[in-house]
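Here is the naming used below: chain letters follow the sequence lines, and residue numbers restart at 1 for every chain. We use all heavy atoms of the structure for the numbers below, so side chains are in, but hydrogens, waters and symmetry mates are not.
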2 protein chains.
Amino acid sequence: MSRRRFAEFACSLARSLDVIGDTWTPLILRDVFLGVDTFNDIVRDLGISRALLTDRLALLVREGILDEAEYRERPRRVRYTLTDSGRELVPILVALTQWGDRWRSGGEAPLEFTHDCGAPLESRVSCDACGSPITSESLTARPGPGGRAAPGTAVIAEHLSRGRT
Amino acid sequence: MSRRRFAEFACSLARSLDVIGDTWTPLILRDVFLGVDTFNDIVRDLGISRALLTDRLALLVREGILDEAEYRERPRRVRYTLTDSGRELVPILVALTQWGDRWRSGGEAPLEFTHDCGAPLESRVSCDACGSPITSESLTARPGPGGRAAPGTAVIAEHLSRGRT
DNA sequence: GCATTGAGTTCAGCAACTGAACTCTGTAGC
DNA sequence: GCTACAGAGTTCAGTTGCTGAACTCAATGC
């Protein structure tokens with residue numbers, strides 16, 4: 001992880017990945033969401049090294065994705081909770097989990113989700129305006145207000161203005 | 001990247017992350033989707049080291065997420081394309097990009113998407129059954145057919161059967 | 001008192017990533 | 001026929017990041 005460096009990319013995907021773009025961080029967030037929210041429980045659940053977990057939790061708190069809820073002082077003990085931005089990541093992690101169910105677990109889901117509507121959850125990413133599912137074929141990209149030909153999107157800018165894709 | 005080891009987790013999220021759980025891979029997939037699909041173009045666009053890109057492309061092809069389309073033999077030149085499983089990742093990457101727009105780019109999108117319906121894209125993850133948006137509050141998790149108390153979900157299994165979350 | 005729990009810190013050894021230089025095959029220009 | 005260039009890599013030394021095990025420290029339980 002080159003921690004910092006992706007943040008400067010003119011690309012929100014890179015900026016997202018700067019915080020959650022490693023193998024452990026999404027798993028940590030999933031654990032916190034599922035209620036495995038204390039340091040030792042996360043270590044036990046994931047088998048992550050303690051040094052790395054210390055590092056990642058501090059990063060996630062610093063970046064406003066997790067909060068610490070103190071449940072005892074002296075010695076300080078905290079439970080990690082999701083902030084608003086952290087909660088908004090959950091559906092995305094669920095979508096990625098279900099992609100894994102389909103393509104990497106042979107269709108056998110190790111974990112199943114139920115939606116409040118009562119149905120076993122099948123998630124899909126859809127367009128907020130028309131409600132229909134988003135597929136790679138139904139999308140067009142173009143540079144937005146924050147765009148520029150900076151590292152991370154150097155060639156993309158050319159491509160898009162040339163009208164490809 | 002500990003390449004291999006996450007694949008054994010009884011967790012589809014971990015298995016997904018085993019392939020795309022690093023900082024570069026999602027950016028490579030986004031580039032290919034946007035038409036930046038040859039080796040040198042990706043290097044120029046991302047500034048990724050050539051050795052690492054070689055490695056990642058080979059992994060993605062091996063795992064069936066990218067395909068190679070030969071556009072010249074001798075010397076062999078290929079264009080990378082998304083397979084079905086790769087295409088299914090695109091909406092998820094878009095959702096993550098828009099999360100980054102909201103939380104990490106101060107609302108200024110470097111890249112904007114238009115949906116086929118004509119609207120500027122606002123993506124959301126929704127329930128396939130009822131169509132309403134999925135939020136972290138509207139979900140319940142429970143162990144599925146492929147579940148067991150294996151590394152990656154050791155403690156989660158306990159938590160869920162105890163009825164937490 | 002002594003063991004246990006929870007949340008870390010420290011550190012040596014190893015694996016992964018970076019950056020720069022180099023290779024190899026073929027095309028284009030003159 | 002020679003030189004320059006492009007495209008897709010490979011090689012490698014140096015650095016950064018991760019792992020695993022052992023250790024610390026405060027408090028509680030027995």
Side-chain angles (χ1 to χ4, degrees), chain A residues 1-6 8-9 14 17-28 31-32 35-61 66 68-81 151-152 155 158, chain B residues 1-6 8-9 14 17-28 31-32 35-62 66 68-81 151-152 155 158-159:
Chain A
M1 210 65 30
S2 49
R3 303 274 112 231
R4 303 296 98 188
R5 222 164 54 81
F6 280 79
E8 284 118 52
F9 277 37
L17 293 168
D18 192 47
V19 213
I20 60 152
D22 78 318
T23 338
W24 292 113
T25 304
L27 292 171
I28 295 169
D31 270 20
V32 170
V36 180
D37 55 5
T38 58
F39 190 90
N40 272 14
D41 274 358
I42 300 174
V43 169
R44 282 202 301 135
D45 191 54
L46 299 178
I48 185 176
S49 91
R50 311 174 75 79
L52 188 57
L53 181 59
T54 302
D55 190 83
R56 285 297 183 276
L57 288 172
L59 177 74
L60 289 169
V61 168
L66 290 183
E68 297 173 324
E70 201 171 82
Y71 66 91
R72 188 162 90 191
E73 30 169 352
R74 311 204 42 75
R76 185 158 190 270
R77 293 289 176 266
V78 300
R79 219 170 265 296
Y80 293 91
T81 59
V155 179
E158 288 176 33
Chain B
M1 210 64 31
S2 50
R3 303 273 112 232
R4 303 296 100 187
R5 223 166 53 80
F6 280 80
E8 285 119 49
F9 276 36
L17 293 168
D18 193 47
V19 213
I20 60 153
D22 78 318
T23 338
W24 291 114
T25 305
L27 291 170
I28 295 169
D31 270 20
V32 170
V36 180
D37 55 5
T38 59
F39 189 90
N40 273 12
D41 275 358
I42 299 173
V43 169
R44 283 201 300 134
D45 191 54
L46 299 178
I48 186 177
S49 92
R50 311 175 75 79
L52 187 57
L53 181 59
T54 302
D55 190 84
R56 286 298 183 274
L57 288 172
L59 177 74
L60 288 169
V61 168
R62 195 165 67 243
L66 290 182
E68 298 174 324
E70 201 171 80
Y71 67 90
R72 189 163 88 192
E73 29 168 352
R74 310 202 46 73
R76 185 158 188 269
R77 292 288 175 265
V78 300
R79 219 170 265 297
Y80 294 92
T81 59
V155 180
E158 287 176 34
H159 268 256

N/O donor-acceptor pair under 3.5 Å between B:Thr23 side chain and A:Gly21 backbone: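 Yes; at least one donor-acceptor contact below 3.5 Å.
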Choosing from [options], which nucleotide comes nearest the side chain of [X]?
X	options	answer
B:Ala51	C:dG19, C:dG8, D:dG7	C:dG19
B:Phe39	D:dC18, D:dG9, C:dT9	D:dG9
B:Trp24	C:dC17, D:dT19, C:dT27	C:dC17
A:Thr54	C:dT9, C:dT27, C:dC17	C:dT9
A:Tyr71	C:dT25, C:dT18, C:dA7	C:dA7
B:Arg56	C:dC17, C:dG6, C:dG8	C:dC17

DNA chain C: 5'-proximal contact among B:Ile48 and A:Asn40 (nearest heavy atom):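 Result: A:Asn40.
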Under 4.0 angstrom between B:Arg50 side-chain N/O and C:dA20 OP1 or OP2: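 The answer is no; no side-chain N or O of B:Arg50 sits under 4.0 Å from OP1 or OP2.
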B:Arg76 side-chain N/O to C:dC24 phosphate OP1/OP2 under 4.0 Å: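 Result: no.
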Residue among A:Ile48, A:Leu46, A:Asp37, A:Asp41 satisfying side chain to side chain contact (heavy atoms under 4.5 Å, CB included) with A:Asp31: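 Testing A:Asp31 for a side chain to side chain contact (heavy atoms under 4.5 Å, CB included) against A:Ile48, A:Leu46, A:Asp37, A:Asp41 leaves exactly one candidate, A:Leu46.
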Between [atom2] of [N] and [atom1] of [X], the distance in whole Å:
X	N	atom1	atom2	result
A:Arg79	C:dG8	CZ	P	13 Å
B:Leu53	D:dG9	CG	P	8 Å
A:Arg44	C:dA7	CZ	P	11 Å
B:Asp22	C:dA15	CG	C1'	15 Å
B:Arg77	C:dT25	CZ	P	11 Å
A:Glu68	C:dG8	CD	C1'	12 Å
A:Arg72	D:dA27	CZ	C1'	6 Å
A:Leu46	D:dG20	CG	P	13 Å

Over all atoms of both residues, closest heavy-atom pair of B:Phe39 and B:Leu53: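 That would be O-CD2, 3.6 Å.
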For A:Leu27 against B:Phe6, the heavy-atom pair lying closest together: CD1-CE2, 3.5 Å
Touch class at under 4.0 angstrom, heavy-atom based, for A:Val78 against every strand present: sugar-phosphate
Heavy-atom side-chain contact between B:Thr25 and B:Val19 under 4.5 Å: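 SC-SC contact between B:Thr25 and B:Val19 ruled out.
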Contact nearer the 5' end of DNA chain D, comparing B:Thr38 with A:Leu52: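 Counting from the 5' end, the first nearest nucleotide belongs to B:Thr38.
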